[in-house]
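Counting starts at 1 for both ligands and their atoms, in listed order.
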Amino acid sequence: MKEKPKVLIVDDKIENLVTLERIFSDMDVEFVRALSGNEALMHTLEHDFAIALLDVQMPEMDGFETVELMRQDKLTKHLPVIFVSAIYTEDYHKIRGIASGAVDFITKPIIPDILRGKVRVFLELYEYRLSLEEEIVRRAEAEEKIQEQYDEIQIHAHELEASNEELRNTQEKLIGLNREIQESEERYSDLFDNANDLIQSVDAEGKFVYVNTAWLNALGYDKGDLEHLKFADIMVQEELAPCLDLFERTMRGEQFNNVQITFVTKHGAEMCVEGNVGARIKNGEYVAARGIFRDITERIIAEEKQRELDAMKSEFISNVSHELRTPLRSLKGFTKLLVSGKVDDPKTQNEFLAIVDKESDRLGDLIDDLLDMSRLESGRFKINKEGISLKNIIHDAVERVGSLASEKGITITEEMNSELPEMEVDGKRMGQVITNLLSNAIKYNQENGSITVKSEVSNSDLLVQVSDRGIGISEDDIPQLFERFYRVEASDRIEGTGLGLHITRQIIEAHSGRIWIESKLGEGSTFSFTLPLRQN
Ligand code: ADP
């Protein structure tokens, strides 16, 4: 319960105190009586008063002295005091009273309403002071609480800061680790991506999980294609069953080295690869089959070429032996007959000697071809250029093959349209070229066929063409015709070594010229070559 405000009433006459109490009987206050200044001071030590009503004239210590003492004490310094006096009624008394620290000075007879009104003001002030003090206490408490909370928050903030710092450190460590992982990933993917080998990884369902750049480039697929592709889709059909078997065994943990597989590229070409296949293990399970392959298509094509070349070489050896033996046999036969003296007829003897002469030429030509071949292979093939007109060379070559042509009833027509200028060429080698083209035109011609040799200046070149109406050459054979030892199968029964055209092309190219063939099977062929008029 709220305490009533206390009012100190001080008077040495008890009846005055009673009068005062009566005046305030309707007010809710508690009176504390004092019969002297000393007693009044004693009370102020014990109680907190809203106001004091003091008589001035009292024995021992009068009202003025009492108030003056009150003003010196901290507790009572601000206690409002109203003097009530019947004797001290002069103005100077009042002035003295106010000077000693009182708030008012009332003279008797007291007008109760006025006194009550004045006291009420001080009671209100007192209430107001109390509520202010309460408010101050409340605020102080609240402030203290806030300070406590603030301190607590401060502690939390420190803790937070510490754990933040820890987090930051961990985060930095993580970033570092991440960077390291990323760098090592980059290193690996750089390694894989720049590897020349084809690297692939296929999951248990056969889908591609990873392929490197070399793989994509070699097979022509892009990354988007891989989403719909399974490894079985890029296998050549014939190898599918063994490949699926290999895959299943790999996923059971087997490792295969140097396996050969044929892939099919996006454009449908077959590509032979060789490499190692194994499984990737994760948590004790085989999760992917990885393969590292090398494209060996080229190697296989070399190998195939080498095989063809070897076959051609052995055929060449048997051809050469045959070519050597035929003229030798006829040389031997005719010389034997001549030596035996059984042939007396000089005309027959001359005929035999002409055959011996022709066969030795043939033998000599063949040996020349073989020597040229070996010179070409060893880089010792030489061209000796001199100023010459091709016209004479062509004419001489036609003369040289004349007897061979007439044996088959073949006619050779020379068409030299314009005066051919003199050129810097190797005359002997050019003679060899034209003789070779003419003798082929005879060899691969019909009985009583015809051959034309044309020669003209075309732009800054000299163009020479040898055309026949012979067996012709198929489109498939034309590109290989200039390769050494190459012979068309259909012309197997006709003697030859497959060297002539190879040597011919080398001679033309050594003169910065070009040679080519136009031919139709069964209709005949035209061999053309050009030589620049001004040789470098
Ligand atoms: P060889 O005549 O000794 O076989 P060549 O190198 O001169 O060698 O000719 C290579 C092949 O080209 C011949 O085997 C022949 O099949 C073909 N050939 C060359 N000239 C002609 C031609 N005029 N008509 C048809 N086939 C030809």
Nearest heavy atom to atom 9 (O) of ligand 1, choosing from Leu366, Leu501, Ile503, belongs to Leu501
Rounded to the nearest 0.5 angstrom, the CD1-CG distance for Ile153 and Leu160 is 11.0 Å
Any non-hydrogen atom of Phe482 lying under 4.0 Å from ligand 1?
no
Do any pairs count as a salt bridge (charged side-chain N to carboxylate O under 4.0 Å, His left out) and have a residue in residues 190-212, sequence neighbours left out, and if so which ones?
Asp197-Arg294, Glu205-Lys207
Quick one: side chains of residues 279-291, donor-acceptor pairs under 3.5 Å with protein atoms, not counting sequence neighbours, listed by atom name and distance.
none

Would you call Gly498 a ligand 1 contact, heavy-atom distance under 4.0 Å?
yes
Report the part of Asp468 (side chain from C-beta onward, or backbone N, CA, C, O) that has a heavy atom under 4.0 Å from ligand 1; answer both or neither where that applies.
side chain
Return yes when Lys443 approaches ligand 1 closer than 4.0 angstrom through a heavy atom, no otherwise.
yes
Quick check on Glu166: does its CD atom have over 12 non-hydrogen neighbours (other residues, nucleotides or ligands) under 6.0 Å away?
no
Of all protein heavy atoms, the one nearest atom 13 (C) of ligand 1 is Tyr444 OH, 3.3 Å
To check your reading of the model: name the closest protein heavy atom to atom 4 (O) of ligand 1, its residue, and the distance in Å.
Arg487 NE, 2.5 Å
Only one of Lys428, Arg429, Lys382 forms a salt bridge (charged side-chain N to carboxylate O under 4.0 Å, His left out) with Asp372, so which one is it?
Arg429
Any side-chain heavy atom of Glu495 within less than 4.5 Å of one from Glu323?
yes
Checking contacts here: is it the side chain or the backbone of Tyr486 that comes within 4.0 Å of ligand 1, counting heavy atoms only? Could be both or neither.
backbone
